[in-house]
Each structure stands twice: as C-alpha cells, then as structure tokens.
S.K.: 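Could you have a look at this structure, given as structure tokens, before my questions?
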Amino acid sequence: MSALGRSFYDRDTLAVARDLLGCRLVRETPGGRIAGRIVEVEAYHGEEDPACHAAAGRTRRTEPLYGLPGFAYVYFIYGMYHCFNVVTRGQGHPSAVLVRALEPLEGLERMRERRASRRRGGAGGIADRELANGPGKLCDALGITLAENRADLTGSPLRVEPDEPPEAVVWTPRVGISVGTDRFWRCFVKGSPHVSRSPWNRVLADRPRPATV
DNA sequence: GTACAGATAAACT
DNA sequence: GTTTATCTGTACA
C-alpha cells in the first residue's frame, strides 16, 4: 500500500482530521513494520486557535507548522513524552492534526517491548488496547522521537496509508488544554475500544462535523 | 472501575 | 523561572 500524497494533507484541517480516522500509521524499522489504525485525532488550527502552538507565533519549536503539508511535527512534552502531528494546509497557515490513539495492527510485540521499557511491570502486563491509546503512548510504541520531527510522511519509513474508513465518528472538545475548549475539534471512531481515556468519551450523541474554518 | 500526586526537561518569557 | 496538546502508580470503591 502506498502512502497518502501531499494533496491529502493540503486541505482544511478538520477535513484532514476526519479523513485520517481509519487510516494506517506505519513505521518501518529494521526489525519490521509497526502499524496501527488511527482511531482518534485532534485539529489545531492556526494562529487564531488559542490552543495551537502557533498561537505563540513563529518560533524555533513551531517552525514545522509553517512548512509544507504532509510533514511530521513532533514535540517533547512534560519532560517525558512525545506527541506526533501531521502538518496540514499550505505554507503560511500553521495548522496540524495531532494523532492521539491507534488500534494496534502490526508488530504488537515490538510495541509491547518499547512501551514496557518505560514501565516497571514488564512487557507481559500491557494489554493490547493499552499499547497505543494515547498520544504519548503511541509515540513510545512506534519509537517516534524528535528525530522524526519534520519527516516527510509522503515518502519515508514513517507514513500514513489509506485503509478502512470508520462507519461513524464522534466530535468532542480537545483533551488536556486550558484554552480553546469551546471548539469541538477532537474526533474519534465511534465505539472503538482503542481511544484514549477522556470524560468526553461519554458524550455519545453524534455531533455534526464542525463548520470549515 | 475512578481520583489524584508526582515525574521530568524542552521551549518559551 | 514558568508552562506544558501526558502517563503511571497508588489509593480507594
């Protein structure tokens, strides 16, 4: 399966977020493929979005957001974890989609080994659904670090492949932010047991897709 | 099952 | 010096 091309990412951020659900995030390693179905994402939309890192303007960290769509934006957070984003839209509009959770599909044992190295319990204690049900966890499972920041997702060992689209999705506010909580820009596959933990998961009513910004 | 404290360092002010 | 798009272990129900 070939990677999604540049034009996929060069669209409205909410549309890219929605269409990433169901796709397969793939990491090629010397030991083989590690991959999972994307089941949860969040949109971060430009300097006018107070929760977007670009709200602080163009800095050393946010530089990738101002670059071409289809490249990775990875940052280090809470002194311990990494978060993986795909850059959307054209240059000059700094927006991206945070990938928050995967349904593990390939290389589950390699995921387990990488995740276990940070824990005390050992590799045996991690259930399949706990391997990548969070933005920090999936970066650990796939071995994504700052070395992958600015990687070209359209032609590299780290890429997104089209797969089965979800039957239904749910929109909620974004997780872990203190501003911009009025925007329902988190989107996940309805009924998936692989999404991250959030009080908003109980909001079962389907929200219509937010208006394009 | 839920609730909370604490870990830990880059980027920014 | 402050903040942070998180996770884990422990405590308790």
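The sequence lines fix the lettering, A, B, ..., with proteins before strands; numbering per chain opens at 1. On a predicted model such as this, the values are computed, not experimentally measured, just so you know.
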S.K.: How does protein reach along nucleotides 1-6 of chain B, written 5' to 3' as B (base within reach of a heavy atom under 4.0 Å), S (only sugar-phosphate), or - (no contact)?
M.R.: -S----
S.K.: Return the value, rounded to whole Å, for the distance between atom CG of Leu146(A) and atom P of dA11(B).
M.R.: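 Rounding to the nearest Å, CG of Leu146(A) and P of dA11(B) are 7 Å apart.
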S.K.: Return the value, rounded to whole Å, for the distance between atom CG of Asn149(A) and atom P of dA10(B).
M.R.: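 Spelled out: CG on Asn149(A) to P on dA10(B) is 14 Å.
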S.K.: Residues two or more places apart in sequence or in another chain: which of them pass side-chain hydrogen bond (donor to acceptor under 3.5 Å, both in side chains) with Glu28(A)?
M.R.: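 Testing Glu28(A) for side-chain hydrogen bond (donor to acceptor under 3.5 Å, both in side chains), a comparison that skips the adjacent residues, returns Arg159(A).
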S.K.: Supply the atom-to-atom distance His45(A) NE2 to Cys52(A) SG, rounded to the nearest 0.5 angstrom.
M.R.: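 Rounded to the nearest 0.5 Å, the NE2-SG separation comes to 9.0 Å.
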S.K.: Distance-only check: which donor-acceptor pairs under 3.5 Å involve side-chain atoms of residues 63-80 of chain A, not counting sequence neighbours?
M.R.:
unit_1	atom_1	unit_2	atom_2	d
Glu63(A)	OE1	Arg58(A)	NE	3.2
Glu63(A)	OE2	Arg58(A)	NE	3.2
Glu63(A)	OE2	Arg58(A)	NH2	2.8
Tyr66(A)	OH	Glu47(A)	OE2	2.5
Tyr66(A)	OH	Arg58(A)	N	3.4
Tyr73(A)	OH	His53(A)	ND1	2.7

S.K.: For Arg119(A), which residues count as a side-chain hydrogen bond (donor to acceptor under 3.5 Å, both in side chains) partner, sequence neighbours excluded?
M.R.: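 Arg119(A): no side-chain hydrogen bond (donor to acceptor under 3.5 Å, both in side chains) contacts found.
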S.K.: With sequence neighbours excluded, tell me which residues meet side chain to side chain contact (heavy atoms under 4.5 Å, CB included) with Arg24(A).
M.R.: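 In terms of side chain to side chain contact (heavy atoms under 4.5 Å, CB included), with neighbours along the sequence ignored, Arg24(A) is linked to Val26(A), Arg33(A), Ala35(A), Leu105(A), Glu106(A), Glu161(A), Asp163(A).
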S.K.: The criterion is side-chain hydrogen bond (donor to acceptor under 3.5 Å, both in side chains); which residues satisfy it with Arg60(A), sequence neighbours excluded?
M.R.: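 With sequence neighbours excluded, Arg60(A) shows a side-chain hydrogen bond (donor to acceptor under 3.5 Å, both in side chains) to no residue whatsoever.
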S.K.: Starting at atom CZ of Arg118(A), determine the distance to atom C1' of dT8(B), rounded to an integer number of angstrom.
M.R.: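 Spelled out: CZ on Arg118(A) to C1' on dT8(B) is 10 Å.
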S.K.: Thinking salt bridges, do Glu42(A) and Arg183(A) make one under a 4.0 Å N-O criterion?
M.R.: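 Looking at Arg183(A) together with Glu42(A), the answer is no, because their closest N to O distance does not fall below 4.0 Å.
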S.K.: Counting C-beta onward and ignoring hydrogens, is there a side-chain heavy-atom pair between Lys137(A) and Glu130(A) closer than 4.5 Å?
M.R.: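 Of all side-chain heavy-atom pairs linking Glu130(A) with Lys137(A), at least one is under 4.5 Å.
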S.K.: Arg174(A) side chain to Ala43(A) main-chain N or O, any donor-acceptor pair under 3.5 Å?
M.R.: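 Confirmed, Arg174(A) side chain pairs with Ala43(A) backbone.
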S.K.: Of all the nucleotides listed (dT8(C), dC12(B), dT6(C)), which has the minimum atom distance to the side chain of Thr59(A)?
M.R.: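 Of all the options, the side chain of Thr59(A) is nearest to dC12(B).
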S.K.: When you get a sec, tell me which of dC12(B), dA9(B), dA5(C) is the closest nucleotide to the side chain of Asn85(A)?
M.R.: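 In terms of side-chain proximity for Asn85(A), the closest of dC12(B), dA9(B), dA5(C) is dA5(C).
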S.K.: Using whole Å, what does the distance between atom C1' of nucleotide dT8(C) and atom CD1 of Ile126(A) come to?
M.R.: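 Value for this atom pair: 11 Å.
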S.K.: What's the separation between atom CG in Asp128(A) and atom CG in Leu108(A), rounded to the nearest 0.5 Å?
M.R.: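 Rounded to the nearest 0.5 Å, the CG-CG separation comes out at 5.0 Å.
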S.K.: Strictly below 4.0 Å: does Arg115(A) bring a side-chain N or O up to OP1 or OP2 of dT8(C)?
M.R.: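 Yes, such a contact exists.
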S.K.: Locate the shortest heavy-atom distance separating Ile34(A) from Gly107(A); write the atom from each residue and the value.
M.R.: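 Taking every non-hydrogen atom into account, CG2-O, 4.3 Å.
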S.K.: Under the side-chain hydrogen bond (donor to acceptor under 3.5 Å, both in side chains) test, which residues partner Asn149(A), sequence neighbours left out?
M.R.: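 With neighbours one apart ignored, the set is empty.
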S.K.: Could you state the NE2-P distance from His82(A) to dT8(B), rounded to the nearest angstrom?
M.R.: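 That distance rounds to 15 Å.
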S.K.: Heavy-atom contacts under 4.0 Å between residues 97-107 of chain A and DNA chain B, which residues?
M.R.: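 Contacts with DNA chain B under 4.0 Å: none.
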S.K.: Under the rule for side chain to side chain contact (heavy atoms under 4.5 Å, CB included), what residues qualify as partners of Thr59(A), not counting sequence neighbours?
M.R.: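 Arg61(A), Thr62(A).
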S.K.: Could you state the CD-C1' distance from Glu63(A) to dC12(B), rounded to the nearest angstrom?
M.R.: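 Rounding to the nearest Å, CD of Glu63(A) and C1' of dC12(B) are 15 Å apart.
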S.K.: Using 4.0 Å as the upper bound for N to carboxylate O, is an ion pair formed by Arg89(A) and Asp12(A)?
M.R.: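 No.
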S.K.: Taking N and O atoms by type only, does the side chain of Tyr75(A) place a donor or acceptor under 3.5 Å from a partner on the base of dA5(C)?
M.R.: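 Per atom types, the contact qualifies.
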S.K.: Mark yes or no: Arg11(A) above the aromatic ring of Phe8(A), with NZ or CZ under 6.0 Å from the six-membered ring centre and no more than 45 degrees from the axis.
M.R.: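 Relative to the ring axis of Phe8(A), which defines the angle, Arg11(A) lies inside both limits.
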S.K.: Reading DNA chain C 5' to 3', what string of ( ), [ ], | and . shows its pairs, if Watson-Crick and G-U wobble pairs count only when both distances fall under 3.5 Å?
M.R.: ||||.|||||||.
S.K.: Roughly, in whole Å, what's the span from CD in Glu130(A) to P in dG9(C)?
M.R.: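 Spelled out: CD on Glu130(A) to P on dG9(C) is 11 Å.
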S.K.: Going by number, which of residues 174-181 of chain A have a non-hydrogen atom under 4.0 Å from DNA chain C?
M.R.: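 Nucleic-acid contacts, sorted: Val175(A), Gly176(A), Ile177(A).
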S.K.: Would Arg27(A) and Glu148(A) pass as an ion pair if we require N to O under 4.0 Å?
M.R.: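 Glu148(A) and Arg27(A): salt-bridged.
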S.K.: Determine if Tyr44(A) stacks with dA5(C); use a centre-to-centre distance below 5.5 Å and an interplanar angle below 30° as the criteria.
M.R.: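 Here the ring of Tyr44(A) and the base of dA5(C) are stacked, with centres under 5.5 Å and planes under 30°.
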S.K.: Where along residues 46-56 of chain A does a heavy atom fall under 4.0 Å from DNA chain C?
M.R.: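 When residues 46-56 of chain A is checked for heavy atoms under 4.0 Å from DNA chain C, the hits, listed by number, are Ala51(A), His53(A).
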S.K.: Of the options dT4(C), dA10(B), dC7(C), whose atoms approach the side-chain atoms of Tyr78(A) most closely?
M.R.: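 The listed nucleotide nearest to Tyr78(A)'s side chain is dT4(C).
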S.K.: Check the distance between dA11(B)'s P and Tyr73(A)'s OH and give it to me in whole angstrom.
M.R.: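 Taking OH of Tyr73(A) and P of dA11(B), I get 10 Å after rounding.
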S.K.: To the nearest 0.5 Å, how far apart are SG in Cys23(A) and CD in Glu164(A)?
M.R.: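 Cys23(A) SG to Glu164(A) CD: 10.5 Å, rounded to 0.5 Å.
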S.K.: Looking only at the side chain of Lys137(A) (C-beta and beyond, no hydrogens), which of the listed nucleotides dT8(C), dA10(B), dT6(C) gets closest?
M.R.: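 Out of dT8(C), dA10(B), dT6(C), the nucleotide with an atom closest to Lys137(A)'s side chain is dT8(C).
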